[in-house]
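Sharing a structure here in structure tokens format.
In what follows, every chain begins at residue 1, and chains take the letters A, B, ... in the order their sequences are listed.
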Number of protein chains: 2
Amino acid sequence: MKTEIPYKIYLSEEELPKNWINLRAFMDKKPAPLLNPQTQKPMTEEELSQVFCNELVKQELDDYSPYIPIPTEIRDFYKMYRPAPLIRAYCLEKQLNTPAKIYYKFEGNNTSGSHKLNSAIAQAYYAKKQGLTGVTTETGAGQWGTALSMACSYFGLDCNVYMVKVSYEQKPFRREVMRTYGAKVTPSPSNTTEVGKRILQQFPGTSGSLGCAISEAVEASLSKEGYRYVLGSVLNQVLLHQSVIGLETKAALDKYGVKADIIIGCAGGGSNLGGLIAPFMAEKLQGKADYKFIAVEPASCPTLTRGVYAYDYCDTGKVCPLAKMYTLGSGFIPSANHAGGLRYHGMTTTLSELYHQGLMEARAVEQTEVFKAAEQFARIEGILPAPESSHAIRVAIDEALKCKETGEEKTIVFGLTGTGYFDMVAYEKFHDGKMQDYVPSEEDLQKGLIGLPKIKE
Amino acid sequence: MKTEIPYKIYLSEEELPKNWINLRAFMDKKPAPLLNPQTQKPMTEEELSQVFCNELVKQELDDYSPYIPIPTEIRDFYKMYRPAPLIRAYCLEKQLNTPAKIYYKFEGNNTSGSHKLNSAIAQAYYAKKQGLTGVTTETGAGQWGTALSMACSYFGLDCNVYMVKVSYEQKPFRREVMRTYGAKVTPSPSNTTEVGKRILQQFPGTSGSLGCAISEAVEASLSKEGYRYVLGSVLNQVLLHQSVIGLETKAALDKYGVKADIIIGCAGGGSNLGGLIAPFMAEKLQGKADYKFIAVEPASCPTLTRGVYAYDYCDTGKVCPLAKMYTLGSGFIPSANHAGGLRYHGMTTTLSELYHQGLMEARAVEQTEVFKAAEQFARIEGILPAPESSHAIRVAIDEALKCKETGEEKTIVFGLTGTGYFDMVAYEKFHDGKMQDYVPSEEDLQKGLIGLPKIKE
């Protein structure tokens with residue numbers, strides 16, 4: 001007898017993972033270490049601890065522990081909105097008339113509206129444990145900033161958010177949600193930091209970028225006693241915390257004896273995708289199972305598909321360590337694509353290395369196609385997706401339509417990272433036919449790479 | 001051994017109710033019937049069928065069937081976002097340091113952001129089944145309009161929404177969500193209907209009211225072949241559909257052997273409260289159990305606490321049947337209170353009658369106190385509540401604080417009807433100290449009642 005699979009698979013709170021999985025521990029060839037931009041030597045624990053919380057630095061540098069326990073305090077917070085449902089897209093399958101089985105892990109069922117809360121609460125917890133007063137950070141689409149304000153409010157920490165100016169202007173209500181949770185929000189670049197002033201002088205009227213905002217937030221954390229900087233993506237520690245997504249997804253599939261064939265996620269800095277694929281990729285690396293992984297990025301910021309694999313600055317102001325990653329250059333300022341969370345010039349080192357080894361594919365998609373998929377999905381599956389998440393929906397639909405042609409009954413799993421309630425300006429443009437696609441020319445890409453540091457490896 | 005109660009009680013999809021419960025069937029003294037404003041005689045099935053879908057008219061007039069089966073198609077849609085979680089507010093309890101146990105039924109985990117979807121999908125289903133082309137409706141806060149657009153998009157029906165002007169202006173993004181689902185949205189009062197034109201002439205510059213918008217939507221449905229009018233609250237049929245909230249809540253509590261003492265809900269037209277209390281009130285009416293029920297309304301629109309119990313028009317334009325209800329008068333236009341969903345001058349007949357019989361209490365609260373509760377709740381429980389829902393939070397907190405004084409371990413259950421993502425203008429006013437309380441004077445109330453019809457009962 002075949003068990004019928006419900007629309008939504010909810011794990012019980014006891015089934016909430018007790019450990020995060022550390023994907024790097026399963027890699028033979030590890031991601032390249034972060035380098036000190038002055039000495040070009042690997043960043044030490046001591047150096048990193050000036051910027052980041054101590055425990056998070058340990059996690060950042062840990063290439064060998066396969067599992068790291070989730071502290072009880074974090075699990076208790078997780079229980080307020082997790083386990084997140086794994087949803088069978090029965091209605092979408094029917095509409096597409098595809099033999100493929102489509103599942104999505106929905107991370108939008110919390111007020112921050114996205115998966116970002118999984119790492120925000122962990123980072124706030126370690127900051128509190130260390131006795132800090134507060135944290136600083138940047139936010140693009142606003143999802144990370146919202147998540148961090150929620151986490152800080154829960155633990156009673158100050159929260160200072162530098163928000164990329166274009167998002168700040170497109171999403172005025174995001175600021176109010178953050179204020180509801182007690183955060184201070186500054187549009188970036190701003191005049192509150194030296195690096196912000198410098199960028200404003202160099203590029204007057206710039207709409208900002210994640211790279212700029214990171215520089216400002218790092219500077220702000222260094223100039224205040226009892227503060228550290230926290231980051232919502234790119235770092236190893238963030239991928240570690242986000243592995244709760246993949247672990248729950250795998251547990252839910254295993255419960256019903258379902259084996260995924262294709263796993264799809266949108267990729268900005270890589271936190272969602274890295275977290276979603278972690279336990280599956282670990283199996284693949286151990287030769288236990290095979291999966292096809294697809295990273296989806298906007299054609300306007302095509303880090304994996306058109307970037308180079310090299311050491312680069314993580315931020316525009318060049319105050320952060322160097323990371324070896326797929327990059328468009330820290331000087332690359334993407335067009336005002338609405339998927340603010342995907343406008344980062346680089347990609348987490350772990351995913352960069354896996355992609356470089358051919359263990360993962362990548363696809364770039366244009367935003368009008370993405371919004372078509374978003375609207376189709378909203379109408380048939382009910383959930384209004386964030387533009388970022390809709391990149392994954394686009395490719396999931398494309399893959400399901402391929403199955404329709406070939407007749408293959410593949411199981412497709414994708415990450416639905418968040419909701420689009422604060423993205424209605426973008427949806428409005430789409431409805432009014434005013435949305436434009438933008439694909440950088442070769443020349444644009446060359447320009448972005450001009451400032452790439454020369455590193456001897 | 002005492003079973004530990006999880007943060008969130010999720011029923012399985014098999015435990016989703018198979019029947020709605022019809023509260024009126026359990027009442028000895030039934031709510032007074034709707035009257036034809038011309039003849040002052042009870043509205044007949046035939047008369048109502050000109051405005052409403054046939055099957056919904058049957059439900060509207062059914063005072064005797066205790067249970068009505070939920071069609072499979074509606075249950076299938078419910079499965080996309082139901083059963084909704086019943087959440088134990090462990091963190092809030094701890095913060096309040098109260099011996100009370102607090103639970104809330106969260107209806108915001110769907111894209112419409114509220115409980116309104118429960119009735120929207122039912123009404124769209126019956127309209128489709130009848131072979132109609134489309135439906136017209138009004139919306140206040142925008143939650144009902146969003147829910148109805150989702151439901152219509154699912155069944156392929158046209159959806160025309162008249163949105164109260166003040167909400168239309170305060171919530172521009174709501175319009176875009178409705179457009180995403182294919183709806184046509186018109187700010188009300190408008191020049192597209194005769195009644196709208198008349199109201200605009202009489203009250204130039206009016207910010208509109210639910211009563212006006214209803215009149216426009218009814219007129220629009222009557223003037224188009226293949227259209228019917230649908231309503232998101234007030235009607236018996238809506239309370240019937242919303243009983244899924246109470247049935248799930250009761251099933252979840254029963255599963256863990258928990259008996260509620262106090263049940264609290266916000267009350268605009270009464271759909272959420274009526275649905276939440278339905279199975280509990282049925283027990284109370286049968287003498288099987290006792291509960292204290294509290295309806296919470298804004299002090300700016302105090303229908304139950306300061307209105308009169310009388311036959312009145314349901315809409316400003318006086319095109320609808322007369323209903324016997326607690327009312328402030330169909331001419332009452334409340335101040336621009338931000339809880340748009342609670343700005344209705346009347347109250348569903350069923351709750352009015354139960355309140356009149358002393359089976360339910362009512363409390364009016366001021367909006368700054370409501371937003372204080374909303375922010376406190378958001379920070380500790382994570383969820384950003386809608387202003388409407390926050391009225392219930394306010395009273396739930398007040399009751400829990402009373403328990404702290406008396407030491408009583410009461411079990412408090414309240415309805416968290418929706419999320420506040422589209423209410424950030426109101427939150428901003430609150431943060432900036434610009435929110436004002438407004439309580440109508442006796443004179444204001446007298447003015448509202450001037451047009452009350454004289455009915456011989």
Side-chain angles (χ1 to χ4, degrees), chain A residues 4 6-8 10 12-14 76-83 85 87 90-91 106 108-113 117 121 146 149-151 153-154 172-177 179-182 371 374-375 378-385 419-432, chain B residues 4 6-8 10 12-14 76-83 85 87 90-91 106 108-113 117 121 146 149-151 153-154 172-177 179-182 371 374-375 378-385 419-432:
Chain A
E4 206 188 324
Y7 278 70
K8 305 174 299 304
Y10 274 108
S12 73
E13 281 164 24
E14 293 73 52
D76 277 350
F77 186 89
Y78 277 170
K79 284 179 187 171
M80 289 180 22
Y81 69 103
R82 306 200 70 84
I87 304 178
Y90 281 117
C91 299
F106 182 40
N109 264 357
N110 70 73
T111 286
S112 78
L117 196 52
I121 194 63
T146 310
S149 4
M150 287 176 71
S153 140
Y154 184 80
F173 296 165
R174 272 279 179 206
R175 184 194 62 224
E176 288 310 317
V177 180
R179 281 179 81 196
T180 302
Y181 288 95
F371 274 84
E375 191 162 276
R379 290 185 181 188
I380 197 70
E381 285 289 318
I383 296 169
L384 182 80
T419 49
Y421 301 118
F422 294 101
D423 301 290
M424 297 322 294
V425 170
Y427 272 95
E428 184 176 10
K429 275 199 181 156
F430 174 68
H431 295 145
D432 293 342
Chain B
E4 206 188 325
Y7 277 71
K8 306 175 297 303
Y10 274 109
S12 73
E13 281 165 23
E14 292 76 50
D76 278 349
F77 186 89
Y78 278 171
K79 285 180 186 168
M80 288 177 24
Y81 69 101
R82 307 199 69 84
I87 305 179
Y90 280 119
C91 298
F106 182 42
N109 265 357
N110 70 73
T111 286
S112 78
L117 196 53
I121 194 64
T146 310
S149 2
M150 287 176 69
S153 140
Y154 184 79
F173 296 164
R174 273 279 178 206
R175 186 194 61 223
E176 287 310 318
V177 180
R179 281 180 81 195
T180 302
Y181 288 96
F371 274 83
E375 190 162 278
R379 289 186 182 187
I380 197 69
E381 285 289 317
I383 296 169
L384 182 80
T419 49
Y421 300 119
F422 293 102
D423 300 291
M424 298 322 294
V425 169
Y427 272 95
E428 184 175 10
K429 275 199 182 157
F430 174 68
H431 295 145
D432 293 343

| request: Report yes if the side chains of Arg179(A) and Asp432(B) come closer than 4.5 Å at any heavy-atom pair, otherwise no. | output: yes
| Would you call Arg175(B)-Glu428(A) a salt bridge at under 4.0 Å N-O? | yes
| Donor-acceptor pair, side chain of Lys8(A) and main chain of Arg82(B), under 3.5 angstrom | yes
| request: Looking only at non-hydrogen atoms, find the nearest pair between Gly182(A) and Arg379(B) and report the distance. | output: N-NH2, 3.3 Å
| Aromatic plane relationship, Phe422(A) with Tyr421(B) - under 30° parallel, 30 to 60° tilted, over 60° perpendicular | perpendicular
| Any side-chain heavy atom of Lys79(B) sitting closer than 4.5 Å to one from Pro6(A)? | no
| query | Of all of Asn110(A), Leu117(A), Thr419(A), Asp76(A), which one pairs up most often with chain B through heavy atoms under 4.5 Å apart? | reply | Asp76(A)
| task | Can you measure from CE (Met80(A)) to CD1 (Ile383(B)) and round to the nearest 0.5 angstrom? | result | 7.5 Å
| query | In Å, rounded to the nearest 0.5 Å, how long is the span from CE of Met150(B) to CG of Leu384(A)? | reply | 8.5 Å
| said: Could you work out, with side-chain hydrogen bond (donor to acceptor under 3.5 Å, both in side chains) as the rule, every residue matching Ser149(A), not counting sequence neighbours? | reply: none
| query | Ignoring hydrogens and geometry, is there a side-chain-to-backbone donor-acceptor pair from Glu13(A) to Tyr7(B) under 3.5 Å? | reply | yes
| Atom pair CG/CG of Asn109(B) and Asn109(A) - distance to nearest 0.5 Å | 3.5 Å
| task | May I ask you to name which of Tyr10(B), Phe77(B), Tyr154(B) has the most heavy-atom pairs under 4.5 Å with chain A? | result | Tyr10(B)
| chain B contacts, top residue of Tyr427(A), Phe173(A), Tyr181(A), Phe106(A) (heavy-atom pairs, under 4.5 Å) | Tyr181(A)
| note | Correct closest heavy-atom pair for Glu176(A) and His431(B) would be OE1-ND1, 2.8 Å
| message | Has Thr180(B) got a side-chain atom pairing as donor or acceptor with Glu375(A)'s backbone, closer than 3.5 angstrom? | response | no
